[in-house]
Amino acid sequence: MHSEVELGVLAGHDGSPAAEHALDWAARDAAARHIPLYIVTVVPISGLGHQHRVEVRERAHALVDTASARVRERFAGLVVEGSVREGDAAEALLAASARCDTIVVGSRGHGGFAGLLLGSVSLRVCAHTTCPVVVLRSEAAEDASGVVVGIGGLEDQPAAEFAAERAGLLGGGLRAVHSWALPVTGLAPSLMLPSMFDVDTVTAERTRMVEQVVGPIRRRDPELPVDTVVMNGSAGRDLVCASSDGALLVVAAHPRHGPLPMRLGPTTHAVLHHAHCPVAVVPVN
């Protein structure tokens with residue numbers, strides 16, 4: 001980490017509609033928190049001839065300059081720095097994030113500008129990041145408010161804290177959602193085993209767990225509305241449904257064993273592909 005550089009918000013930008021939404025979200029977040037905004041465009045130049053490289057670089061710098069000017073016009077006083085990096089898009093964004101506390105990207109680029117920030121890039125950034133990543137498929141509904149956070153266990157406290165901070169900035173309060181499923185039989189996976197479990201007891205236990213996670217948030221910020229929802233169901237489906245009227249959906253990403261982090265489980269994949277609002281993926285240890 002570069003200690004001499006103030007941590008800011010990193011916006012990956014390629015000029016696509018999703019990237020434009022991401023840039024707007026990143027600018028609002030940086031302005032609200034009074035920290036710098038770093039706009040980064042990545043150009044893959046491997047295999048290009050000299051003249052083509054020059055043209056691609058020129059277009060990239062023009063794109064960054066235009067985006068930076070537009071943000072400065074909208075957010076007076078916001079420190080904005082634009083840069084162009086070369087190479088693999090995901091690797092370049094992850095390297096640039098060393099000076100940031102949040103990365104913001106569009107879910108998929110348009111492919112017209114050297115195919116930058118395609119869906120696979122956003123997924124790779126989420127899978128390897130060491131800081132929260134906000135992914136925008138589109139903007140939230142105009143009347144959306146509040147932040148939804150998925151809570152799987154006590155280890156998801158960092159995701160809840162991130163969600164609470166953004167809820168304070170975005171308004172509308174915080175909703176913590178936990179879903180749990182009954183186990184299935186080994187011989188007939190379609191058959192549940194409700195007789196072995198007291199649904200009310202399990203729900204009460206899970207509710208206590210969620211309250212333990214949000215308890216510090218309630219005590220620290222009693223003015224922030226916080227509610228909890230505990231249900232028997234599919235976490236991915238329930239969070240996608242909960243995102244329909246939210247301004248942001250937050251999920252935790254857990255490290256996996258092996259040479260690659262691969263933090264993205266089925267729930268994270270589900271919300272990244274189907275949520276109705278921006279999704280923040282927060283790495284937790």
Side-chain angles (χ1 to χ4, degrees), residues 1-2 5-41 64 67-83 93-94 96-107 117 122 125-126 129-150 158-175 217 221 224 243 245-253 271-272 275-284:
M1 181 177 296
H2 302 280
V5 178
E6 182 179 3
L7 291 180
V9 178
L10 170 66
H13 189 53
D14 71 346
S16 66
E20 291 288 351
H21 291 316
L23 178 61
D24 289 341
W25 199 98
R28 289 195 297 268
D29 185 51
R33 297 193 290 133
H34 307 289
I35 60 177
L37 172 67
Y38 303 120
I39 305 173
V40 176
T41 290
V64 169
S68 299
R70 180 167 65 84
V71 170
R72 291 190 184 99
E73 185 176 352
R74 288 189 57 194
F75 299 93
L78 176 63
V79 175
V80 181
E81 178 184 313
S83 63
L93 290 175
L94 290 168
S97 70
R99 63 196 303 203
C100 303
D101 68 4
T102 308
I103 305 172
V104 186
V105 294
S107 62
L117 296 183
S122 298
V125 170
C126 289
T129 185
T130 57
C131 70
V133 179
V134 179
V135 181
L136 284 89
R137 295 176 60 244
S138 63
E139 291 188 308
E142 291 185 3
D143 58 348
S145 65
V147 175
V148 178
V149 58
E161 296 291 346
F162 177 91
E165 180 185 19
R166 290 328 190 266
L169 297 173
L170 295 171
L174 175 68
R175 185 190 313 168
I217 296 171
D221 188 0
L224 177 68
S243 73
D245 59 355
L248 179 67
L249 171 61
V250 181
V251 293
V271 300
L272 283 172
H276 304 286
C277 67
V279 175
V281 178
V282 179
V284 300

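Note that this is a predicted model, so its numbers are computed, not measured.
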> Taking only residues two or more places apart in sequence or in another chain, which ones pass side chain to side chain contact (heavy atoms under 4.5 Å, CB included) with Arg33?
Replying inline: Val9, Asp29, Ile35, Asp101, Thr102, Glu165, Arg166, Leu169

>> If we check side-chain contact (heavy atoms from CB on, under 4.5 Å) with Val125, which of these qualifies: Val281, Leu93, Val135?
In response: Leu93

>> Give me the atom names and distance for the closest heavy-atom approach of Ala26 to Ala11.
In response: CB-CB, 3.8 Å

> Can you name the nearest heavy-atom pair linking Gly246 to Cys277, along with the distance?
Replying inline: O-CB, 3.3 Å

> Which distance, rounded to the nearest 0.5 Å, do you find between the CG of Leu94 and the SG of Cys131?
Replying inline: 8.5 Å

> Hey, mind stepping through Leu272 and Val251 against side-chain contact (heavy atoms from CB on, under 4.5 Å) and telling me if it holds?
Replying inline: CA-CA 10 Å; Leu272 283 172; Val251 293; over 6 Å; no

>> To the closest 0.5 Å, what do you measure between OG (Ser68) and CD1 (Ile39)?
In response: 3.5 Å

> Taking the side chain as C-beta and beyond, is there a heavy-atom pair between Pro283 and Thr130 under 4.5 Å?
Replying inline: no

>> Any non-hydrogen side-chain atom of Val284 less than 4.5 Å from a side-chain atom of Phe162?
In response: no

>> With side-chain contact (heavy atoms from CB on, under 4.5 Å) as the criterion, how do Arg72 and Leu78 come out once you've worked through the C-alpha distance, each side chain's angles and the decisive distance to 0.1 Å?
In response: CA-CA 7 Å; Arg72 291 190 184 99; Leu78 176 63; over 6 Å; no

> Taking it one step at a time, do Glu161 and Val282 satisfy side-chain contact (heavy atoms from CB on, under 4.5 Å)?
Replying inline: CA-CA 10 Å; Glu161 296 291 346; Val282 179; over 6 Å; no

> Do you know the tightest heavy-atom contact between Val105 and Ser122?
Replying inline: CG2-OG, 3.8 Å

> Can you list the steps and then say if Val64 with Ser83 is a side-chain contact (heavy atoms from CB on, under 4.5 Å)?
Replying inline: CA-CA 7 Å; Val64 169; Ser83 63; 6.0 Å; no

>> Looking at every non-hydrogen atom in both residues, tell me the closest pair between Thr41 and His13 and how far apart they are.
In response: OG1-O, 2.7 Å

>> Any non-hydrogen side-chain atom of Leu37 less than 4.5 Å from a side-chain atom of Phe75?
In response: no

>> For Leu249 versus Ser243, what's the shortest heavy-atom pair and its separation?
In response: CD2-CB, 4.1 Å

>> Please find the pair of heavy atoms, one from Gly173 and one from Ala167, that lie closest to each other, and give the distance.
In response: O-CB, 3.5 Å

